[in-house]
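Throughout, a chain's letter reflects where its sequence line sits, starting with A, and its residues are numbered from 1.
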Amino acid sequence: MTEIRKIDSYRWELPRTGDMRVPGRIYCNKSMLDAIRKEATLRQVANVASLPGILKASLAMPDVHQGYGFSIGGVAAFDWKEGVISPGGVGYDINCGVRLATTHLEEKDVRPRLDALVNALYQHIPSGLGSKGSVSLSVAEEKKVLRQGSRWAVENGFGDESDPDYTEEGGCLPQADPDEVSDRALERGKRQLGTLGSGNHFLEVGVVAEIYDEKVARAFGLFEGQVTVLLHTGSRGLGYQICDDFLAFMAKHVKTLPFSLPDRQLSCAMIQSEEGQRYFRAMACGANYAWANRQILMHQTREVFLRVMGMGPGDLGMNLVYDVCHNIAKKEEHLIDGKKRTVCVHRKGATRSFPAGHPDLCRAYRNVGQPVLVPGDMGTASYVLVGTETAMAETFGSTCHGAGRVLSRKAAKKAAKGRSIYRELEDRGILVRWTGRSTMAEEMPDAYKDISEVIEVVHNAGISRKVARLKPMGVVKG
DNA sequence: ATGTAC
């Protein structure tokens, strides 16, 4: 691989070589770059830069690591008329994302009942591989979920009418067409609404540990010492199946196109083609399912809090701050060389970071900017950031999505041998309940990059700004 | 990430 050019302390350019149509750009510090250099990640950033219709640059966020075709932590925008859309650029977990709710509670209110609270959450929130939820759907009803997203959940009693306002895209991509979703995907989705899943997915009871921006924190409803709920999950087996179906479909289709791919995992279709539109409509179904899933899970979490804390909804005050997706392709308008263009932004392990004034933001945040939710590992911290103009100008309104792994699942298991990760976290005041046999080892804090280092990069580069840090108290894992 | 398979 060619040399990397330093732009400044947090920006690096991978110059255009070979088939690259645009350069690559990596947001990270020097030590992160040294780690990224050793992986296939840079090759993947370069490969994406060779795809037809890509605009400006193939981007990588500081939490970047190797993924299927496209790296995780990557952002790539394609011209809506001349560009491609790729399932690998979205990822298997379509609309994997994060939702944050605040409460009126403070740490001192919850700490004494934390054990009971975490037990009750674990009991009532289905988690783990293949878990089934309490919502059982007919295919006809499931298709309504796929069309309506969050709205279906709210109309069926799961949460408040205003919740979709505090959800990216209002919790629904209107292009969704259930006729593009296979019977097999529909079958898998019937019983998984209101389930957490496994791996890095979690439900976390946390507390606001530090505020960096008082004004924005106030607009988001955050104050120091406040108890919060953070939820990380996606579209479960349904989204996985949609991705799998379309990867196979596109692998065949791409052979008919007049360009060759540097990696077969980048299979794609022209956005304007029937094949491209079919994927977009199916992907939108996966996205809507994930929003309904998080909406239902938040409602179930609220019910558990009410019972365990013995209080009414007004006293608990569990309010949705925001819900962001970090695995998705979106049709958006962006200024490119001073001209407004319609583009298809692929964010795979990257979060939208829209600034104050953006028309897509709900009224409450229009003058502040979009809340950006970035979970760290289960033992350290998560961050609330706010979107910026710099993101809009440089990264198609995008920033990082998490800590990013440093140890593979296998390496993590090896490193955890002979240790009790549960006890180590308990000693730090964090109670964890989990389902999977290897979850604690695979998800231990040492398996991830230091989240604060990732946050420093995006804050200092200006593609999102620090608002608050949350620390975990109780965690339910899959 | 994912009913660790077609």
d([atom1], [X]; [atom2], [N]) in whole Å:
{"X": "A/Glu187", "N": "B/dT2", "atom1": "CD", "atom2": "P", "value": "18 Å"}
{"X": "A/Ile94", "N": "B/dT2", "atom1": "CD1", "atom2": "C1'", "value": "12 Å"}
{"X": "A/Lys132", "N": "B/dT2", "atom1": "NZ", "atom2": "P", "value": "15 Å"}
{"X": "A/Leu129", "N": "B/dA5", "atom1": "CG", "atom2": "P", "value": "11 Å"}
{"X": "A/Arg437", "N": "B/dT4", "atom1": "CZ", "atom2": "C1'", "value": "14 Å"}
{"X": "A/Gln241", "N": "B/dT4", "atom1": "CD", "atom2": "P", "value": "11 Å"}
{"X": "A/Leu247", "N": "B/dT2", "atom1": "CG", "atom2": "P", "value": "16 Å"}
{"X": "A/Asp245", "N": "B/dC6", "atom1": "CG", "atom2": "C1'", "value": "13 Å"}

Determine the contact category for A/Arg409: base if any of its heavy atoms lies under 4.0 Å from a base atom, sugar-phosphate if only primed atoms, P, OP1 or OP2 are that close, otherwise nothing.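 Counting heavy atoms under 4.0 Å across all strands, the contact made by A/Arg409 includes a base.
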
Under 4.0 Å, counting only non-hydrogen atoms across every strand here, what does A/Gln192 touch: a base, just sugar-phosphate, or nothing?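 Since only primed, P, OP1 and OP2 atoms lie under 4.0 Å of A/Gln192, the category is sugar-phosphate.
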
Looking at [Y], does the NZ or CZ of [X] lie under 6.0 angstrom from its six-membered ring centre and within 45 degrees of the ring axis?
{"X": "A/Arg302", "Y": "A/Phe305", "answer": "no"}
{"X": "A/Lys466", "Y": "A/Tyr383", "answer": "no"}
{"X": "A/Arg99", "Y": "A/Tyr322", "answer": "no"}

Nearest 0.5 Å please: distance from the CG atom of A/Leu186 over to the CD atom of A/Glu142.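 Reported to 0.5 Å precision, the distance equals 5.0 Å.
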
Let me spell it out: for each of A/Leu238 and A/Asp244, pick the nucleotide of DNA chain B with the closest heavy atom. Which residue's pick is nearer the 5' end?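 With A/Leu238 and A/Asp244 compared, the 5'-side residue is A/Leu238.
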
